[in-house]
Amino acid sequence: MWMKKIILIIFIFLFLTGCNKKESITPIITSDFNIKDNNSSNQDTNLNDNSVNNSKENFINDNSNSNINYSSKDTAVINQLETIDSEVDNLLNKEKTDDVKNKAKGIFIMLVDFVFYDGEINGVTFDSLTEAGKAKALKLINAIDEKIEKNFPNYKENISEKTSSAFLKASELIKKGASNIKEFAKEKLGEKYYQDIIDSKDEFLLYTKSALSIVGEFSSSLFNSLKDKLSNWYENFKDKS
């Protein structure tokens, strides 16, 4: 009898002890879960804060190029090129006549003269611009070229039979320089193409005369005698290389 009572007491004791253990485990599990949630929440908060900070940094970086300091020569050329760009819009909105096409050709010829042959816009040459000024000038000239090309496909090839490839190459170099000024070098036009344009200068008069009213104050070196200059130019280029 006593043995049964002892066994019963032991059984009750073990049962109660087991229940207490289960009850004591529960808050520990809950506590661990809450800690993980809190850590996760903190991590999310940190990620959000980092995202905001990164966004602010990107915003600053994206706008850092808007405060470029152009020289007075840069400004004189950029302002005139922006005016030409606007005038080209007006020109291309007109009926697509031969006169409009000829003016468009003349504009491009004179802009090539400015970039590659030391032509002057408002008394300023391309070489006298700062790197930032050159980059902006090439972007504007490329935009003008693309507008004309859209309205008169293959217009550069039709300026002169001899200069078809030369003007295409000039356009390609301008486009590359507009994307990355560090890749631009007018010597990349090549001696042959450079000379082809000079040799065809008399064929350009019809176009350039009609474009003067749009281009504005422009002084051309292309229509002077440039054979000696060409030789000296490439000699200097070879010396630098």
- Check whether I68 and F184 end up in the same hydrophobic cluster, where Ile, Leu, Val, Met, Phe, Trp and Tyr are linked by side-chain heavy atoms less than 4.5 Å apart.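 Same cluster.
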- L212, L206: one ILVMFWY side-chain cluster at the under-4.5 Å cut-off? yes
Please say whether more than 12 non-hydrogen atoms of neighbouring residues, nucleotides or ligands are located less than 6.0 Å from [atom1] in [X].
X    : atom1 : answer
N69  : CG    : no
N180 : CG    : yes
K162 : NZ    : yes

With no hydrogens and no angle check, is any side-chain donor or acceptor of [X] less than 3.5 Å from a backbone partner on [Y]?
X    : Y    : result
S210 : Y207 : yes
N151 : K147 : yes
K175 : A170 : no
D113 : M110 : no
N79  : T75  : yes
S200 : E203 : no

Please determine if [X] and [Y] form a salt bridge, counting it only when a charged side-chain N lies under 4.0 Å from a carboxylate O.
X    : Y    : result
K156 : E149 : yes
D98  : K105 : no
D99  : K94  : no
K182 : E131 : yes

Side chains of [X] and [Y]: closer than 4.5 Å at any heavy-atom pair?
X    : Y    : value
E87  : I84  : no
L111 : V115 : no
F116 : I197 : no
L91  : K103 : yes
F152 : K96  : yes

- Item | Stepwise side-chain contact (heavy atoms from CB on, under 4.5 Å) test for F108 and I144 | CA-CA 8 Å; F108 180 73; I144 292 168; over 6 Å; no
Would you compute the distance between atom [atom1] of [X] and atom [atom2] of [Y] and round it to the nearest 0.5 angstrom?
X    : Y    : atom1 : atom2 : result
I107 : Y155 : CD1   : OH    : 9.0 Å
I78  : D85  : CD1   : CG    : 12.5 Å
D127 : K73  : CG    : NZ    : 11.0 Å
Y194 : D199 : OH    : CG    : 11.5 Å

List the atom of [X], the atom of [Y], and the distance in Å for their closest heavy-atom pair.
X    : Y    : result
S160 : F204 : CB-CE2, 4.2 Å
A166 : D196 : CB-CB, 4.5 Å
K134 : L129 : CE-O, 3.5 Å
Y117 : Y193 : OH-O, 4.1 Å
N154 : N158 : O-ND2, 3.2 Å
D118 : T125 : O-CG2, 3.8 Å

- Message: Using the rule given for side-chain contact (heavy atoms from CB on, under 4.5 Å), can you reason through I148 versus K101, listing the C-alpha separation, both sets of side-chain angles and the distance that settles it, and then say yes or no?
- Response: CA-CA 8 Å; I148 298 173; K101 187 175 183 178; over 6 Å; no
- Item | Polar side chain donor-acceptor pair, D74 to T130, under 3.5 angstrom |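 Yes.
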- Query: Residues two or more places apart in sequence or in another chain: which of them pass side chain to side chain donor-acceptor pair (under 3.5 Å) with S171?
  - Reply: D145
Which pairs would a plain distance check flag for residues 135-142, meaning a side-chain donor or acceptor within less than 3.5 Å of a matching protein atom at least two apart in sequence or in another chain?
residue : atom : partner : partner atom : Å
N142    : ND2  : E146    : OE2          : 3.4

- Item | Steps toward side-chain contact (heavy atoms from CB on, under 4.5 Å) verdict (V215, F114) | CA-CA 11 Å; V215 175; F114 170 68; over 6 Å; no
